[in-house]
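Below: one structure, written as structure tokens.
Naming convention: chains lettered A, B, ... in sequence-line order (proteins, then strands); numbering from 1 in each chain.
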Amino acid sequence: EAQVTQNPRYLITVTGKKLTVTCSQNMNHEYMSWYRQDPGLGLRQIYYSMNVEVTDKGDVPEGYKVSRKEKRNFPLILESPSPNQTSLYFCASTTWTGNSYEQYFGPGTRLTVT
Amino acid sequence: QQPVQSPQAVILREGEDAVINCSSSKALYSVHWYRQKHGEAPVFLMILLKGGEQKGHDKISASFNEKKQQSSLYLTASQLSYSGTYFCGTEEGNKLTFGGGTRVLVKP
């Protein structure tokens with residue numbers, strides 16, 4: 001079964017305490033990405049990765065880091081979280097197969113930074 | 001730049017039709033459509049690649065007019081399960097930018 005998993009699903013933390021949200025996919029997809037979703041602002045892309053060791057900034061990368069050491073994993077790192085990073089985060093995994101385009105989102109991680 | 005969706009919200013009775021529009025100030029090369037139900041992750045519906053292309057997902061179809069830099073999503077004979085927020089997404093390079101969403105409520 002095609003699956004994108006994220007952990008943790010919920011996290012309450014304090015300003016400045018480093019955290020990592022993990023994302024893993026079981027479909028051998030090349031392209032993975034992170035989004036944040038905020039009321040009134042919709043979904044915004046944070047970072048994306050075209051393949052292992054290839055990452056690039058999306059529209060709102062400030063305050064975030066990513067790495068892609070293995071194809072299946074794409075963790076999102078907040079080195080020094082701030083309250084404005086309180087949001088709902090989604091990881092997504094994408095591939096083109098011939099004429100077919102597949103994209104799956106993880107279940108989301110609700111982060112609160114106090 | 002974020003594509004603009006209209007309307008922002010629509011209420012339908014089961015069996016009625018609706019159209020959601022997505023327009024961009026930039027040239028469009030592809031348009032993605034998603035549906036997100038409350039408390040859930042977005043679900044990819046379809047991608048349109050060429051001007052004039054139309055696609056379908058159940059009774060949900062879409063068209064893409066690259067000259068007008070817009071795409072439309074058609075909800076035909078709506079079902080209760082069509083309720084949710086619909087987003088369009090446009091690609092620039094390898095980045096994906098989403099519209100603000102259209103809330104759809106289908107009532108019995």
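- If you measure heavy-atom distances from Y104(A) to chain B, you find no contacts under 4.5 Å at all.
- No path of Ile, Leu, Val, Met, Phe, Trp and Tyr side chains, each step under 4.5 Å between heavy atoms, connects I60(B) with V43(B), placing them in separate hydrophobic clusters.
- Atom NZ of K57(A) is surrounded by 12 or fewer heavy atoms from other residues, nucleotides or ligands within 6.0 Å.
- Between chain B and the residues T94(A), V4(A), D59(A), the largest count of heavy-atom pairs under 4.5 Å involves D59(A).
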Problem - Working for side chain to side chain contact (heavy atoms under 4.5 Å, CB included), residues L111(A) and V21(A) - result: CA-CA 9 Å; L111(A) 172 66; V21(A) 183; 5.8 Å; no

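- Inspection of the T97(B) and Q2(B) side chains reveals no N or O donor paired with an N or O acceptor under 3.5 Å.
- When heavy atoms are compared at a cutoff of 4.5 Å, Y48(A) approaches chain B solely by way of its side chain, counted from C-beta outward.
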